[in-house]
Structures are given as C-alpha cells and as structure tokens.
Engineer: 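Quick one: this structure, given as structure tokens, is what I'll be asking you about.
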Number of protein chains: 2
Amino acid sequence: MSRRPRRGHGRPTLDDVAQAAGVTRITVSRFFHSPDKLAPETAARVRAAVDEVGYVPNAQAGQLASGRSRVVAALVPNLGYSIFAETIQGLSEGLMDSGYELMLMPTNYSLEREERQLRALMAWSPSALVLTGRRHSAAAEQLLNGLREQGTPVVEIWDRPDAPNEPGAPARIGFDHREIGMRMACHLMELGHRHLGYVDNPVAEDYRARERRAGFAAAAAQAGARLDEVQAPPGDSFDSGRWALQQLLARQPAPSAVAFANDLLAAGAWVDLQAVGSSLSSSPTSGPALLGFGDFPISRQVRPMLSTVHTPNAEIGRSAARSLLAALQSGGPPEGQALACELVARGSTPRHS
Amino acid sequence: MSRRPRRGHGRPTLDDVAQAAGVTRITVSRFFHSPDKLAPETAARVRAAVDEVGYVPNAQAGQLASGRSRVVAALVPNLGYSIFAETIQGLSEGLMDSGYELMLMPTNYSLEREERQLRALMAWSPSALVLTGRRHSAAAEQLLNGLREQGTPVVEIWDRPDAPNEPGAPARIGFDHREIGMRMACHLMELGHRHLGYVDNPVAEDYRARERRAGFAAAAAQAGARLDEVQAPPGDSFDSGRWALQQLLARQPAPSAVAFANDLLAAGAWVDLQAVGSSLSSSPTSGPALLGFGDFPISRQVRPMLSTVHTPNAEIGRSAARSLLAALQSGGPPEGQALACELVARGSTPRHS
DNA sequence: TTGTAAGCGTTATCAT
DNA sequence: ATGATAACGCTTACAA
C-alpha cells in the first residue's frame, strides 16, 4: 500500500502518522513527549492515527536526535551466584516502567573484562551506569570519570560509601565488607572464643571477600585472639566448606569458632558436623561454632540453624534504581547509600565456655 | 580546541577521525567494518587517528543508518529464582564478544507484563529475541509473528520443541514438562509405589509447573495409581514444602511417595522427615519416598540425598545464544533444540516394599 | 498551539 | 581503493 523506501525497517514513521492525522511530524512527536501541549482534539486525531498505522517509535532515531539513550547498563561479576541475581532482579524492578531499559553485562570477576565491557558500552551512551565494587582498572576509572564529568550518573554497588558524603566521591550503595568481617569476629569473641578460624571463598578476584577476611583477622589480632585461615577450594560450595573446616579442625589446637565467606560453605561444614556429632554420641554437639555470611535460605533450614550475616541483596538493586532515576531526573549526581547488614545469631554460635 | 556544536554528545565523530587521518568519513567507517578493503597504509593512518582523537563509535547512529540494532532481548519471568539466573548467565556468556548486547526484561510470570515489555522492545528493533515459554498473550503472538516474518530470530526457552522440526514452527530450546512429570511418576511407580502425592508450586502463572503436575497425574491415572495433590503456599520454599507434605501425610491412607515442583520444596520436607524419623527411632526412616525437581545443590547435601530431575539450566542459555547467533549470521530461522533432563535417583527414593 | 528548518552520526548506493 | 551523496527517523531551536 504505502511506499517502501530502499532502506530502513519499513515500519511506519512519525511522518506516516502525521499524514494520517493531518498534522506534521513534530506534532506527533509532541503527542508522545508533551501531550499537554496539544489541543485536545488534535491529540485525539493523533492518537487515532497512531493506532491506525500501528506506529512504534524508533528508539535509535530518537536517541540519535536527542543525544540521550534510555539505557541503563549494569556490570556484575556473575549471575549464577544468587546474590547478584537478586540484586539485578531488584534493579530491574526499580527500573520497570521508567522508560529506561536494562543492559546487562557480566564481568566474570575480571577487571580486564569489566574494562572491555565498559568500552563496548561507551558506544551506547548509557544514561546511567551500575558497576559492582569500587575497584576498577586504571583505564576503566578514566572512562568512568569521563562519563561522570559529562553528567552520566554512575553508582557502584556492593561496596561501602565513602565516609561523609564527600562531594565528587563516587556514589556507592552497599556496606563496608571489612567492617562486617570485624563484626563477625567480634560476635564470636563476645561468645567467649579465643581461637578463631576463617574459611575464605575460592574466587581469587573477589576482593570484597578478601576485605571481610582482612577485617575478621584485624579484629581477632586486636583482641589478641588466635586465628587460623584457609581458602576453600573451587567446586561445590558445600563440599568445599566441609573440606576447609576439616583442614582447620585437624590442627592442634583447633579453633573453637569458624567464620565462612558465605553460607553455602558454612552450611556444608555445619551439616557435616552435626552428622558426625550425632553418630558418635547422642549428646548435643560440642564442636566448633560456625558463622556464615549472606543469610541464604538454607541457613534457616539446618538444625541447629546457622548464624549468619543478613545482606540486603535485592535492596541494593532497588536502591541503585532509585538513586539513578532521581539523578537522571534532577540532573545532579546520584546519591550513595549505606545499607545495613544484620548479624543474625542463631543456633550455630551458642555461648561458649 | 575543537568546535563544540550546539547538539550531540560532543564526542569525536567519524568526521573528526577522518580529518585527522586525511581521509573521508566513509573510509573510517570501512576501517571498522571491512578493514581488508583499505590499503594497508591507509588503515594504519586511520588506526592512529582513531587513537589520537579517542574515537568511540555511536551505536545509535550506526543502528539508525543500518537498520540493524545489535541488541538481543531476553524476557524471563524472574531472576531471583536461580534457575533463570543461571540461564541468563549462560546466555550472556554465549553472547559475549559477539558484538550483541543483552537487554534484560523481567516479566514477573505475567503474560500481560510480557506483552508490555514486548511492546516497549519493538522500539529497539532487537536483532533477536529470547522468550520464556511457548505461551503468550494473543497480542504478543501477533507482535512475535510480525518480528519473525521480518526475519528477526526468536527462540522460546524452557519449553519443549514441537515434535518433528516443523518448518515455520517456533524455535524452542528446552524440554517437555509434561513428559518430565510423567517420568517422575513412572520412577516412583517402578519402585513399587501405588499411592502417590504431588506438591505443586505456589506460582499460579507458572504453567510449566502445571504441566509437570498434569503429566505426573496422567501417568499415575494410566497406571491406576492413586494420587493426592496439594499446592504449596507462598513463602519460604523449605517451610512451604514441609507444610505441604504434612497435609498429604495427614490423609488416610497417606501416599507412600511424593513428588515436588522443585527441590527446595522437597528438601524442606525431606529434612523435616529425617529429623522426625531419627528422633522417634534410630532405625532408617520408613516414611514416604520424596522426589524433587531441578537438582539444586542442596539436594546432594541432605542425607539421604534427594532424588530429583537434573535440568540443563545454563545449557539452555548457551544453546539459545548459539542458535540465535547462527540464525543472525545465516539469515535463516533459528533452530530449536530438545535438551535432556536426567532423573537422578538418590537416597530419597529407595526401592519400596 | 502548531509549524519550519536544520541537524544528530552513521551506513547504503553508486560513482570514480 | 576511495569518495560524494543521500538517506535513516527523530528532536531541538526558533518562528509564527
């Protein structure tokens, strides 16, 4: 019916709608972006014309003309690991119906990979950016600074906001992993433990896990407690945690309380401990206290229940979405937010001695 | 230094590079898209100029001009639920470095939501599309058909391919949930059970879970076995599964084997059963056999280990990426793929009577 | 309240 | 092997 130009999608354009409505292109454009500037009856004609021709806007053309992209990009280490999946779920919920679309790029815990993704991203002129963590390659930092100067809101999630909202400081949404590590150690020491163990996770590039461990070690040292550390091997987390605990318990003397980089590691070790305890004697276990991190659902399911640190997985994503949308609207920089973690003391860390 | 036009990002453009290299725009464009068409020394000059001015392509402009978008969109019910997170992880790994970016849209298990996301998506002219499941609203089907006719590859994941690769049939990557339901029932009946139970999941819109249940019921009916069914309530899956099993066991007579919509439900029920069993007697439990679905890591951790169905979570994503990229390259339609599930018989389904 | 003119930065087509 | 010209579909700036 209608002319089919040599190029393009062949989809109806603003001009097609305009023709059908007896107005010009720009009026139709206004119908979408500032409908209140149209005379009501004009708007009605345009609406009818839009339906009639089946008009769908062309995002690329609009973005090229306006210089704004309606893309929010998120770079996360991994999705299979459920905490980031929950964060992304929160982020996409927060972005829903905002007119922005979420572009997702996994970095596999690699700063180099993150930098490459960031470069690829530049081509899209994203409206806003979500990065995981505060550490990036030098080149990535440069790209980010460029974006920030140009007014693109950037938030870093899953890491601590810098102390007092310093102006110009990167906006971060999350918590201080080092501090959480310290709190974990303090919890165990408050229960009377003087010889602690720590099982770190096997992902070498996960510096946040390293920080928790470092905080844990610092608090232990400060209190004069003894500390044994071990890195869990890759593979099934449960098995890995079990193996790591055995390593610690084999030492003489063995720690009386052990903290883990995450609940999966801890749960594996914990159920093993219970099984051994109950087969050797029917009395309640007198083995080490165990403390996890992440408050995975499993932790409430083992008996006794696993003590852990509750992290605001989905809330980090929702908060990031709020912060970015606010910044996008106001034109100002995005705000960071310190989100609380809660140390949930349950049955696996009873009072000691 | 350089002119700052009234509009645009102010980023260097092809023309800036061209000027620095002493060539024209189009030569620089060719440098990126068909470098072998350039004289080697011209290419070298262009390369230097690109670095010099710090050129980054403008995706919107390129896509507007070419009519192709370099966006692959994926619509999934939910990410917090780990199986889809693993699928998306597989998908994004498969897409990595392909030049296509992943746009992620959650549908919250709502067909209406899916339709809206699809409409929003049309504005982006995605190069390819990933949908979850074969069921969509009528309007969504229309949109999809339009896309397919126009040559956009579309694959539906987590559902069964249609029988023999019918031409024109939607490409699906996954398996037949109804058939898996039947296999689950058969497994239990082969062990000697004649009175089965089924615990369905609480997400009313998850038709795939309904299909597994229907298959389970059909197989039971066909074999003349008795069946009791119950829907798990919303909330923590472990607790929910536990509650549901109690409902079934309270009936007189009670089923001797119970299947669950997923491993979380099953695991909650299973550990509960073991706890009760061991506190009442030290003999091995003689309670009902339990069968899960999904092969979550937890299932290998409970003792006895939970029998379940292993699903190819990440493989579905990787396969979708492969199929779409192949279709994009060949220009043909994408291919579906039937992926195998494996029924993993473990300790929770021992031989019966 | 509506319209005109001039791009936005790239790629397709055809020419040299 | 390189270039000139004309889109691509929309929005901004300025007029009327």
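Heavy atoms only: backbone and side chains are in, while hydrogens, waters and symmetry mates are out. First the proteins, then the strands, lettered A, B, ... as listed; each starts at 1.
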Engineer: Can you list the residues that meet the side-chain hydrogen bond (donor to acceptor under 3.5 Å, both in side chains) rule with A/Tyr109, with sequence neighbours excluded?
Structural biologist: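 With neighbours one apart ignored, the set is empty.
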Engineer: Would you say D/dT2 has OP1 or OP2 under 4.0 Å from some side-chain N or O of B/Thr42?
Structural biologist: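 Yes.
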Engineer: In residues 18-39 of chain B, what residues come within less than 4.0 Å of DNA chain C, judged by heavy atoms?
Structural biologist: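 When residues 18-39 of chain B is checked for heavy atoms under 4.0 Å from DNA chain C, the hits, listed by number, are B/Arg25, B/Ile26, B/Ser29, B/His33.
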Engineer: Is a side-chain N or O of A/Arg11 found less than 3.5 angstrom from the main chain of B/Met122, in a donor-acceptor match?
Structural biologist: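 Indeed, once roles are kept as given, a pair shorter than 3.5 Å links the two residues.
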Engineer: Whole-Å distance between D/dG9 P and B/Trp124 CH2?
Structural biologist: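 Nearest whole value for this atom pair: 17 Å.
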Engineer: Can you give me every donor-acceptor pair (side chain of residues 45-60 of chain A, partner residue at least two apart or in another chain, under 3.5 Å) with its distance?
Structural biologist:
| from | atom 1 | to | atom 2 | distance (Å) |
| --- | --- | --- | --- | --- |
| A/Arg45 | NE | A/Ala21 | O | 2.9 |
| A/Arg45 | NH2 | A/Ala21 | O | 3.4 |
| A/Asn58 | OD1 | A/Gln60 | N | 2.9 |
| A/Asn58 | OD1 | A/Ala61 | N | 2.9 |
| A/Gln60 | NE2 | B/Gln63 | OE1 | 2.9 |
| A/Gln60 | NE2 | B/Trp124 | O | 3.3 |

Engineer: Just how far, in rounded Å, is P of C/dT10 from CD of A/Gln60?
Structural biologist: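 Between P of C/dT10 and CD of A/Gln60: 14 Å.
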Engineer: Where along residues 144-152 of chain B does a heavy atom come under 4.0 Å from DNA chain C, residue by residue in number order?
Structural biologist: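 Going residue by residue through residues 144-152 of chain B, none turns out to have a heavy atom under 4.0 Å of DNA chain C.
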Engineer: So that I can tick it off, tell me whether B/Asp159 and B/Arg135 are bridged by a salt bridge, with the cut-off set at under 4.0 angstrom between side-chain N and carboxylate O.
Structural biologist: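 No salt bridge links B/Arg135 with B/Asp159.
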Engineer: For A/Arg30, give me all partners under salt bridge (Lys or Arg N to Asp or Glu O under 4.0 Å), at least two apart in sequence or on another chain.
Structural biologist: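 By the salt bridge (Lys or Arg N to Asp or Glu O under 4.0 Å) rule, A/Arg30 matches no residue at all.
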Engineer: Rounded to whole angstroms, how far apart are CZ on A/Arg70 and C1' on D/dC10?
Structural biologist: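 Rounding to the nearest Å, CZ of A/Arg70 and C1' of D/dC10 are 14 Å apart.
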Engineer: Show me the donor-acceptor pairs within less than 3.5 Å that the side chains of residues 87-95 of chain B make with the rest of the protein, sequence neighbours left out.
Structural biologist:
| from | atom 1 | to | atom 2 | distance (Å) |
| --- | --- | --- | --- | --- |
| B/Thr87 | OG1 | B/Ile83 | O | 3.1 |
| B/Thr87 | OG1 | B/Trp158 | NE1 | 3.0 |
| B/Thr87 | OG1 | B/Asn313 | O | 2.8 |
| B/Gln89 | OE1 | A/Leu79 | N | 2.8 |
| B/Gln89 | NE2 | B/Glu93 | OE2 | 2.9 |
| B/Ser92 | OG | B/Ile88 | O | 3.1 |
| B/Ser92 | OG | B/Gln89 | O | 3.1 |

Engineer: C/dA12 phosphate, OP1 or OP2: any side-chain N/O from B/Arg68 under 4.0 angstrom?
Structural biologist: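 The answer is yes; a side-chain N or O of B/Arg68 sits under 4.0 Å from OP1 or OP2.
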Engineer: Of all residues at least two apart in sequence or in a different chain, which pass the side chain to side chain contact (heavy atoms under 4.5 Å, CB included) check with B/Glu141?
Structural biologist: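 Per chain and number, B/Glu141 pairs via side chain to side chain contact (heavy atoms under 4.5 Å, CB included) with B/His136, B/Leu144.
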Engineer: Could you give the CZ-to-C1' distance, from A/Arg11 to D/dC10, as a whole number of Å?
Structural biologist: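 Going from A/Arg11 (CZ) to D/dC10 (C1'), I get 12 Å.
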Engineer: What nucleotide, of D/dG9, D/dA1, C/dT11, holds the atom closest to the side chain of B/Ala65?
Structural biologist: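 Given the options D/dG9, D/dA1, C/dT11, the side chain of B/Ala65 is closest to C/dT11.
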Engineer: With sequence neighbours left out, what residues match A/Arg25 under salt bridge (Lys or Arg N to Asp or Glu O under 4.0 Å)?
Structural biologist: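 With sequence neighbours excluded, A/Arg25 shows a salt bridge (Lys or Arg N to Asp or Glu O under 4.0 Å) to A/Asp15, given in chain and number order.
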Engineer: Nearest whole angstrom, please: distance from the C1' of D/dA1 to the CD of B/Glu41.
Structural biologist: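 Rounded to the whole Å, the gap is 11 Å.
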Engineer: Starting from P on D/dA7, measure out to CG on A/Leu64 and report it in whole angstrom.
Structural biologist: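 The answer, rounded to whole Å, is 17 Å.
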Engineer: Of all residues at least two apart in sequence or in a different chain, which pass the salt bridge (Lys or Arg N to Asp or Glu O under 4.0 Å) check with A/Arg318?
Structural biologist: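 Testing A/Arg318 for salt bridge (Lys or Arg N to Asp or Glu O under 4.0 Å), a comparison that skips the adjacent residues, returns A/Glu315.
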Engineer: Provide, to the nearest angstrom, the distance between the OH atom belonging to B/Tyr55 and the P atom belonging to C/dG9.
Structural biologist: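 After rounding, the gap between these two atoms is 10 Å.
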Engineer: Expressed in angstrom and rounded to an integer, what is the separation of A/Asn58 atom CG from C/dT10 atom P?
Structural biologist: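 Atom CG in A/Asn58 sits about 17 Å away from atom P in C/dT10.
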